[in-house]
Amino acid sequence: MFARTRAFLSSIILFLLGLVLVFSLVYCIRIFLNEQNEDIPIYRVETDKKEIALTFDISYNEGNVDKILDVLDKYDVKATFFVVGNWVDNNQDIVKKIHDRGHEIGNHSYSHPYFNEISESEMKTELDKTSKKIKDIIGEETTLFRPPYGEINENGVKYCESLGYKVINWDVDSMDWKNIKGIYIVDRVAQNTSPGSIILFHGEGRNIDDYLDSIIAHFQKNGYKMLKLSDLVYDEDYYIDSSGVQRHK
């Protein structure tokens, strides 16, 4: 009887040890895969500091840029503007104004195509044309790229990185492109933002100066610092996990 009980207990122990080994292996594989999964855009940055980035995609409406800049100046906040090249063609003075007021200019392609549907040579043309136009205006190369519609596959990310770009998406979409009421935009952004968040706005949002003012006031009241993307993202010793979070190694 004793031998049978001991054998039974031994089998249970071996089974439990087997489960532990299996779960440990799965956990290690997940960590390994996360650390290798760098060919996706950066959606958020891992940080213990209450630091976030406000970003603005500008593609066809220049009318709101002055309003945005005035609100940012009011709170002494710097932001990142991703501009489309064929918009830059007719708005060089606005691009210079954004830069001269201390903000950062990022590349948002030339004609706003789906990067999942074009070749590498077409990607290069889209990026190079816009980068050259921006450099001719502000004298600086662009190193940040936001894919149109936020859509790009791993091969596309890898190729853009080979051209010297960090590919940036977002983890908080203000939904201002839907022209919903400002109170809903404020609530959505406030509720979904956490340290390291990258927040997406558009230059075309209706009444953007009103809800942007409220959002920035909210964050400053709650101890958040709003940075340019280049001051938020890591330049070295990092990996991007499967959720798109840029983390220190």
Side-chain angles (χ1 to χ4, degrees), residues 38-45 53-62 64-65 68-69 72 78-171 173-174 177 198-204 227-235 238 240 244 246:
E38 296 191 359
D39 296 324
I40 60 175
I42 297 170
Y43 288 80
R44 187 173 67 82
V45 177
L54 308 183
T55 68
F56 299 85
D57 287 1
I58 312 290
S59 58
Y60 66 85
N61 184 350
E62 68 281 354
N64 283 336
V65 174
I68 295 169
L69 293 176
L72 294 173
K78 303 306 177 187
T80 302
F81 291 75
F82 288 97
V83 298
V84 172
N86 59 17
W87 175 85
V88 173
D89 288 336
N90 299 314
N91 295 282
Q92 298 181 28
D93 56 330
I94 297 178
V95 174
K96 187 175 188 306
K97 184 188 297 185
I98 292 170
H99 176 261
D100 288 349
R101 287 167 78 164
H103 305 290
E104 183 171 49
I105 308 290
N107 196 321
H108 197 33
S109 79
Y110 182 77
S111 62
H112 211 265
Y114 285 96
F115 264 53
N116 285 342
E117 299 176 359
I118 62 176
S119 66
E120 288 184 354
S121 63
E122 290 172 315
M123 291 182 196
K124 189 174 190 305
T125 298
E126 288 280 332
L127 292 168
D128 286 354
K129 286 178 69 175
T130 302
S131 180
K132 183 179 185 306
K133 290 177 184 296
I134 294 171
K135 186 177 181 181
D136 287 345
I137 298 168
I138 68 173
E140 298 176 6
E141 300 279 357
T142 55
T143 58
L144 302 173
F145 168 58
R146 171 163 286 160
Y149 313 102
E151 295 190 9
I152 188 169
N153 58 34
E154 290 187 7
N155 289 334
V157 172
K158 186 181 296 185
Y159 182 69
C160 292
E161 289 176 340
S162 76
L163 297 177
Y165 287 93
K166 283 188 176 69
V167 182
I168 308 289
N169 272 345
W170 59 87
D171 67 314
D173 186 348
S174 68
W177 56 274
I198 299 172
I199 306 171
L200 171 66
F201 296 100
H202 295 81
E204 298 78 37
L227 308 175
K228 294 183 288 188
L229 270 170
S230 60
D231 294 327
L232 180 68
V233 300
Y234 305 128
D235 282 330
Y238 69 84
I240 302 169
Q246 187 194 39

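Partners of Ser109 under the side chain to side chain donor-acceptor pair (under 3.5 Å) rule, at least two apart in sequence or in another chain, do not exist in this structure. Partners of Ser111 by side chain to side chain contact (heavy atoms under 4.5 Å, CB included), not counting sequence neighbours, listed by chain and number: Asn86, Pro113, Glu126. Contacts of Gln92 classified as side chain to side chain contact (heavy atoms under 4.5 Å, CB included), with partners at least two apart in sequence or in another chain: Ile137.
In plain terms, the two heavy atoms of Ile152 and Pro41 that are nearest each other are CG2-CG, 3.7 Å. The heavy-atom pair separating Ile58 from Gly203 by the smallest distance is CD1-CA, 3.5 Å. Taking every heavy atom of both residues into account, Glu141 and Ser131 meet most closely at OE1-OG, 3.6 Å. Between Ile138 and Ile105 the shortest heavy-atom distance is CD1-CG1, 4.1 Å. Annotation for Trp170 and Gly150: closest pair CH2-CA, 3.7 Å, computed over non-hydrogen atoms. Nearest approach of Thr80 to Glu104, heavy atoms of both residues: OG1-OE1, 2.7 Å.
For Ser162 (side chain) and Tyr159 (main-chain N/O), a donor-acceptor pair under 3.5 Å exists by modelled atom type. Using a distance-only test at 3.5 Å, with no hydrogens or angles considered, no donor-acceptor pair links the side chain of His112 to the main chain of Pro148. Here the side chain of Thr130 pairs a donor or acceptor atom with the backbone of Tyr110 at under 3.5 angstrom. Of the possible polar contacts, none joining the Gln246 side chain to the Tyr238 backbone as a donor-acceptor pair under 3.5 Å is found.
A salt bridge links Asp136 to Lys132: one of the charged nitrogens lies within less than 4.0 Å of a carboxylate oxygen.
In this pair, Phe81 and Phe56 present their aromatic rings parallel. The plane angle is below 30°, not in the 30 to 60° band. Under the 30°/60° scheme for interplanar angles, the aromatic rings of Phe115 and Phe145 are found to be tilted.
Side-chain contact between Ser59 and Glu204: present, with at least one pair of heavy atoms (C-beta onward) separated by less than 4.5 Å. Contact annotation: the side chain of His108 never approaches that of Val83 to less than 4.5 Å [non-hydrogen atoms, C-beta and beyond]. Taking 4.5 Å as the limit, some side-chain heavy atom of Lys97 sits within range of a side-chain heavy atom of Arg101.
In this structure, CD1 in Ile134 is found 5.0 Å from OG1 in Thr142, a value given to the nearest 0.5 Å. The distance from the CD1 atom of Ile68 to the CD1 atom of Ile98 is 8.0 Å, given to the nearest 0.5 Å. Once rounded to the nearest 0.5 Å, the distance linking CG of Asp39 with CG of Asn155 reads 8.0 Å. One distance of note links CD1 of Ile40 with CG of Asn153; it measures 12.5 Å at 0.5 Å rounding.
Other residues, nucleotides and ligands place more than 12 heavy atoms under 6.0 Å from the NZ atom of Lys78.
Arg146 pairs with exactly one of Asn169, Asn107, Thr55 by the side-chain hydrogen bond (donor to acceptor under 3.5 Å, both in side chains) rule, that one being Thr55.
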